[in-house]
Protein chains: 2
Amino acid sequence: MSFPPRYRTPRARSRVEAAGAESRAKAVRAAIELFSTAGYRGTSIALVAEKADLSQSGLLHHFPNKAALLAAVLEHREAEDGRFLAGTDDRPPLGWAAFDALTSLVARNSTRPELVGLFVRLSAEATESGHPAHAWLLDHYTSTRNWLTDAIRDGQQRGEIHPDAPVAVLVRLTIATLDGLQQQWLLDTGGTDMVADFTTFVSGLRTQWDVK
Amino acid sequence: MSFPPRYRTPRARSRVEAAGAESRAKAVRAAIELFSTAGYRGTSIALVAEKADLSQSGLLHHFPNKAALLAAVLEHREAEDGRFLAGTDDRPPLGWAAFDALTSLVARNSTRPELVGLFVRLSAEATESGHPAHAWLLDHYTSTRNWLTDAIRDGQQRGEIHPDAPVAVLVRLTIATLDGLQQQWLLDTGGTDMVADFTTFVSGLRTQWDVK
DNA sequence: GTCTATATTTTGATAGAC
DNA sequence: GTCTATCAAAATATAGAC
């Protein structure tokens, strides 16, 4: 984990605590909205506070500083993702099914421009090694890459994906496609269909590396 | 053009003008370096000035404001690109040759992390409609898309690329791949080989859509 | 063309009352 | 938990001397 959890594990709350938690959650939502359009650097905590109907100090009561707010945002995002890719089952999708799961993820993302914006902007910002989300970003890419690598390898072992498929390259290309499509989708005035495009990409992979 | 040119067209300069132009160019170079790591929003003009061995006001003598500095940076980038994709010939590469030209571009980029960083960061920042580089970014994507679209269509007409190839989708996927690989390349500690990955992508396209 | 000095705003953060 | 008041630092920009 790149950021230590600042939420306590859920438990029964007194009424006062519940009110506080609500403000906090409101602040996180506001931060997501603003970070996703102006980025982390581009949004002031004052603006987040305003959007959350709090004073600046009221906001800073919940987070020691701006970086902590970002940490909470990232945490929330991961939680909302809720291990989406793990599938509704307990078992993660493997082989080509992993690509289907990714397609579902794209479909879901295309209804959530805020989350896409958040990710695209933070990904670019946090490439810098000093950025407060740098560790998170590294972790995100590493785990995504590992997950997809394992899925493809499993497909090869089960004779579903061709053994000659260059796994590492395909993993990087797939992730690149996902990221790049999001970038274009954000920029476009609604013209591009991420799902259709990614589907085409996947079917290209299949025609080349499917064992049939 | 999204930004009006602020450089005059080259001509003979007096010695005083030459000194001024040198400071200006130095500032642009410094700005590129800083924008490419911390982004536009993340770098102050004071820092750019320092890196260019100028006072802040000395820098602002050449550019009315920060946005103008950014405009000069973008202009410089386009100039340095020097219509790289147009090829060394007078004629732009068409059909599969366009993808070879893109591969060359990737190879060139992989020796210039500053330019890649600049583009990746600005692309993400400038997705926002209020950003000073927003128009530039739109223009950049539009012209790239048009160029590649025309190249593929030409390949189809000459019987080099399969007529059933979904041109618009391939264009978006190719651009997405380029952008996404740059993102990963920036993040990585030197592990990924953009050129090799993109080459694999292109050969995938060829095996699927080449007319042979 | 370049500098020093300064004005103005914005930002992140703290202190302390309620 | 939330607010008002306040601070110190940083950032953009301008004025005017040289």
Side-chain angles (χ1 to χ4, degrees), chain A residues 6-8 11-31 34-35 37-73 125 128 130-133, chain B residues 6-8 11-31 33-35 37-73 121 125 128 130-133:
Chain A
R6 297 189 188 268
Y7 271 119
R8 296 179 212 143
R11 56 173 175 80
R13 291 193 188 89
S14 75
R15 209 178 284 126
V16 173
E17 275 179 322
E22 205 167 313
S23 275
R24 205 195 132 106
K26 208 169 171 183
V28 170
R29 281 196 302 271
L34 293 167
F35 289 174
T37 57
Y40 173 71
R41 290 208 150 103
T43 91
S44 66
I45 49 183
L47 202 62
V48 176
E50 187 186 359
K51 190 152 205 140
D53 291 309
L54 272 173
S55 72
Q56 193 192 190
S57 310
L59 173 66
L60 284 179
H61 166 72
H62 297 282
F63 313 93
N65 50 44
K66 198 186 177 187
L69 174 60
L70 175 59
V73 162
E125 269 189 37
E128 194 187 0
H131 195 281
Chain B
R6 295 186 191 271
Y7 269 119
R8 293 176 215 146
R11 56 171 176 80
R13 291 195 189 89
S14 76
R15 209 178 283 129
V16 172
E17 276 178 322
E22 205 169 311
S23 275
R24 206 195 131 105
K26 208 169 169 184
V28 171
R29 281 196 300 272
E33 243 181 277
L34 293 167
F35 288 174
T37 57
Y40 173 72
R41 290 207 149 104
T43 90
S44 66
I45 48 182
L47 203 62
V48 176
E50 187 187 358
K51 191 152 202 139
D53 291 311
L54 271 173
S55 74
Q56 193 191 187
S57 309
L59 173 65
L60 284 179
H61 166 72
H62 296 282
F63 313 92
N65 51 43
K66 198 185 176 186
L69 174 60
L70 175 59
V73 163
R121 276 163 235 277
E125 268 189 38
E128 192 187 0
H131 195 281

Chemist: Take atom NE2 of B:His62 and atom C1' of D:dA13, then tell me their distance rounded to the nearest Å.
Modeler: 16 Å
Chemist: Quick check: does any side chain N or O of B:Tyr40 sit under 3.5 Å from a backbone N or O of B:Arg121, one acting as donor and the other as acceptor?
Modeler: no
Chemist: To the nearest 0.5 angstrom, please state how far the CG atom of A:Leu60 sits from the CG atom of A:Leu54.
Modeler: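 One gets 10.0 Å once the value is rounded to the nearest 0.5 Å.
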Chemist: Do A:Glu125 and B:Arg41 have side chains that get closer than 4.5 Å, going by heavy atoms?
Modeler: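 Side chain of A:Glu125 against side chain of B:Arg41, heavy atoms only: no contact under 4.5 Å found.
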Chemist: Does a side-chain N or O of A:His61 approach OP1 or OP2 of C:dT14 to a distance below 4.0 Å, or not?
Modeler: no
Chemist: As a test of reading the structure: which of C:dT2, C:dA13, D:dG1 is closest to the side chain of B:Ser23, going by heavy atoms?
Modeler: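 Selected nucleotide: C:dT2.
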Chemist: Check whether any side-chain heavy atom of B:Lys51 sits under 4.5 Å from a side-chain heavy atom of B:Leu59, and report yes or no.
Modeler: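 B:Lys51 does not reach B:Leu59 side chain to side chain.
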Chemist: Between P on C:dT9 and CG on B:Asn65, what's the gap in Å once rounded to a whole number?
Modeler: 17 Å
Chemist: List the residues meeting salt bridge (charged side-chain N to carboxylate O under 4.0 Å, His left out) with B:Lys66, not counting sequence neighbours, and say none if there are none.
Modeler: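 B:Lys66: no salt bridge (charged side-chain N to carboxylate O under 4.0 Å, His left out) contacts found.
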Chemist: In whole angstroms, how far is the P atom of C:dA13 from the NZ atom of A:Lys66?
Modeler: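 Rounding to the nearest Å, NZ of A:Lys66 and P of C:dA13 are 8 Å apart.
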Chemist: Using a 4.0 Å cut-off on heavy atoms, which residues in residues 45-59 of chain A reach DNA chain C? List them by number, or say none.
Modeler: A:Ile45, A:Gln56, A:Ser57
Chemist: To the nearest angstrom, how far is B:Leu60 atom CG from D:dA11 atom C1'?
Modeler: 11 Å
Chemist: Side chain to side chain contact (heavy atoms under 4.5 Å, CB included) with B:Phe63: which of B:Leu69, B:Val48, B:Val73?
Modeler: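 Passing option: B:Leu69.
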Chemist: For A:Arg41 and D:dA10, what is the distance between atoms CZ and C1' respectively, to the nearest whole Å?
Modeler: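 It is 14 Å, rounded to the nearest whole Å.
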Chemist: For A:Leu69 and C:dG12, give me the distance from atom CG to atom P, rounded to whole Å.
Modeler: 10 Å
Chemist: Please report, rounded to the nearest Å, how far the P atom of C:dA13 is from the CG atom of A:Leu70.
Modeler: 12 Å
